[in-house]
Amino acid sequence: MTNRKADGSNRPLSIFREFLASEASGGLLLMGAAAAALAVANSPLSDFYFRSLHSYVLGLSIGHWINDGLMAVFFLLVGLEIKREVLDGQLSTWPRRILPGLAAAGGMLFPALIYVAFNRGNPETMSGWAIPTATDIAFALGVLSLLGPRVPTSLKVFLTALAIIDDLGAVLIIALFYTADLSLPALGGAAAIVALLALLNRSGVERLWPYLILGIGLWGAVLLSGIHATLAGVVLALTIPLRPAPGRPDDPHSPLHRLEHRIHGWVAFLIVPLFGFANAGVSFAGMDGSILTGSLPLGIALGLFAGKMVGVFGTAWITVRLGFADMPAGASTAQLFGVALLCGIGFTMSLFIGALAFPAAPELGDAVKVGVFAGSLLSATAGALLLRFAQPEKRPVPGHS
């Protein structure tokens with residue numbers, strides 16, 4: 001199937017456009033999974049729901065298989081997208097990287113500062129400083145998809161590029177700050193497997209199965225090493241060859257493109273919704289309004305809502321005003337502000353980092369979920385309303401000054 005592009009030519013829909021479409025659909029499914037989790041956790045099925053997540057299979061609980069196992073495939077996709085966009089896509093040149101890159105940096109710094117401001121006197125909760133720094137690309141693009149053509153494609157590309165850089169930042173944060181005591185033998189085994197993967201790449205091996213078999217071994221070694229097992233997915237992704245044909249940046253025969261296409265649907269429509277269903281469930285039985293005013297949920301909620309808004313929009317606006325980058329084509333300042341608000345939807349990665357920050361404190365885990373829900377809901381509602389009524393950039397009428 002072909003689609004007529006803006007230049008009037010009939011060419012296959014690019015991988016990047018397919019990515020935007022599938023991420024938006026996956027975001028809508030993720031919303032439904034989160035709503036279902038909340039409903040089940042506050043129904044007569046709640047005991048079964050929580051017991052099932054703590055049931056053990058092959059040495060790990062079902063919750064751990066989802067968060068450490070299936071989410072490794074999610075991080076594999078994240079790594080593939082980062083590598084593709086940096087080498088061969090929307091982040092392949094410095095002019096393309098500047099605006100989303102600086103906006104992503106501001107969007108990670110300010111939420112962390114707000115969280116720290118609320119929790120600086122509480123050592124028990126300070127380890128959650130990274131929770132509001134992440135943007136959920138699937139959720140945010142899902143909201144954008146509901147707005148249809150009111151939002152220019154350039155802003156969707158900007159949001160996607162920003163979220164990919166944001167994901168890279170989250171991966172680095174997890175590796176540097178949420179790593180347990182290291183097992184040197186397991187770490188050595190992981191390093192040996194990475195060396196073999198690099199050798200396959202350098203030798204020009206383009207079949208995927210050797211990489212995937214070694215990738216399973218890498219996941220096991222990283223799991224035993226003390227580093228979070230999902231990072232094995234990112235490392236594996238960086239070794240998958242990307243060999244685009246001359247003049248064909250979207251060459252479907254590249255190993256990286258083939259693997260990305262094969263797992264993208266599984267991640268968007270099964271793994272991420274399953275993660276949302278397993279991690280979004282919080283029982284409100286016995287809770288009172290005070291949980292919303294605690295330093296932990298308040299720091300997360302305001303970090304996502306206010307921190308992302310100020311960090312993303314402020315940094316992007318200053319970057320454009322100083323002439324370091326151009327405003328996304330056809331977008332107005334109000335629309336850019338609306339997208340900055342949507343960056344405060346931190347659902348998937350925020351819940352993931354929250355589970356790492358407080359692994360043995362269920363009461364703090366519930367407070368994390370409340371804060372993530374509140375901040376993400378505020379950001380999604382405010383961003384959608386603003387983009388619904390914001391006017392696009394006014395172009396000058398030919399012949400008028």
Side-chain angles (χ1 to χ4, degrees), residues 50 52-83 127-128 130-131 134 167-201 208-240 259-260 262-263 266-267 270-279 348-362 364-365 368:
F50 290 111
S52 296
L53 292 175
H54 291 90
S55 300
Y56 275 74
V57 177
L58 299 177
L60 292 176
S61 69
I62 290 177
H64 277 111
W65 276 116
I66 293 172
N67 293 349
D68 293 11
L70 290 180
M71 285 298 283
V73 183
F74 166 81
F75 276 87
L76 170 60
L77 181 63
V78 168
L80 293 172
E81 290 167 351
I82 290 171
K83 181 174 181 176
S127 61
I131 296 171
D167 283 343
L168 177 59
V171 168
L172 293 175
I173 287 172
I174 292 169
L176 294 175
F177 299 101
Y178 295 101
T179 294
D181 295 334
L182 295 178
S183 166
L184 293 182
L187 202 58
I193 295 173
V194 172
L196 289 174
L197 287 166
L199 181 62
L200 288 177
N201 185 303
L208 287 172
W209 65 265
Y211 294 94
L212 298 180
I213 290 175
L214 286 174
I216 294 172
L218 178 63
W219 177 84
V222 173
L223 178 68
L224 296 174
S225 73
I227 299 174
H228 200 270
T230 53
L231 297 181
V234 178
V235 176
L236 173 61
L238 299 181
T239 67
I240 303 297
L259 181 58
E260 187 178 13
R262 289 178 185 178
I263 69 173
W266 291 100
V267 171
L270 177 63
I271 292 175
V272 170
L274 186 58
F275 170 85
F277 182 76
N279 289 272
T348 304
M349 198 68 81
S350 291
L351 290 177
F352 188 83
I353 294 176
L356 297 179
F358 309 114
L364 294 181
V368 166

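Both backbone and side-chain heavy atoms feed into the values below; hydrogens, waters and symmetry mates do not.
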> In Å, rounded to the nearest 0.5 Å, how long is the span from CG of L212 to CD1 of I240?
Replying inline: 6.0 Å
> What closest approach, in Å, do A186 and A221 show between heavy atoms, and which atom pair accounts for it?
Replying inline: CB-O, 3.6 Å
>> So, taking the atom named CG in L356 and the one named OG1 in T230, what distance separates them when rounded to the nearest 0.5 Å?
In response: 7.0 Å
>> How long is the straight-line distance from CG of L53 back to NE2 of H64, given to the nearest 0.5 Å?
In response: 11.0 Å
> Is any side-chain heavy atom of I213 closer than 4.5 Å to a side-chain heavy atom of W209?
Replying inline: yes
>> Can you give me the closest heavy-atom contact between G79 and A237, atom names plus distance?
In response: C-CB, 3.4 Å
> Given side chains that start at C-beta, do those of Y211 and L200 come closer than 4.5 Å, heavy atoms only?
Replying inline: yes
> Relative to the ring of W65, is the ring of W219 parallel (under 30°), tilted (30 to 60°) or perpendicular (over 60°)?
Replying inline: parallel
> Closest heavy-atom contact between A357 and S127?
Replying inline: O-OG, 3.4 Å
> Is the backbone of A198 close enough, under 3.5 Å, to the side chain of T239 for a donor and an acceptor to pair up by distance?
Replying inline: no
> Do you know which of T348, L274, V267 makes side-chain contact (heavy atoms from CB on, under 4.5 Å) with M71?
Replying inline: T348
> Between K83 and L238, what is the shortest heavy-atom contact and its length?
Replying inline: NZ-O, 2.9 Å
>> Checking F275 against L351 for the side-chain contact (heavy atoms from CB on, under 4.5 Å) test, could you report, in this order, the C-alpha distance in whole Å, the side-chain angles of both residues, the deciding distance, and whether it holds?
In response: CA-CA 9 Å; F275 170 85; L351 290 177; 4.3 Å; yes
>> As an exercise, state the distance from CG of L231 to CG of L236, rounded to the nearest 0.5 Å.
In response: 12.5 Å
> Which atom names give the shortest non-hydrogen contact between V222 and A232, and what distance separates them?
Replying inline: CG2-CB, 4.0 Å
> Does the side chain of F358 reach to within under 4.5 Å of the side chain of I131, using non-hydrogen atoms?
Replying inline: yes
> Checking Y178 side chain against A355 main chain: does a donor-acceptor pair fall under 3.5 Å?
Replying inline: no
> About how many Å separate OG of S183 and CG of L223, when rounded to the nearest 0.5 Å?
Replying inline: 11.0 Å
>> Return the CD1 to CG distance between I271 and L70, rounded to the nearest 0.5 Å.
In response: 5.0 Å
> What are the two closest non-hydrogen atoms of A72 and A229, and how far apart are they?
Replying inline: CB-O, 4.4 Å
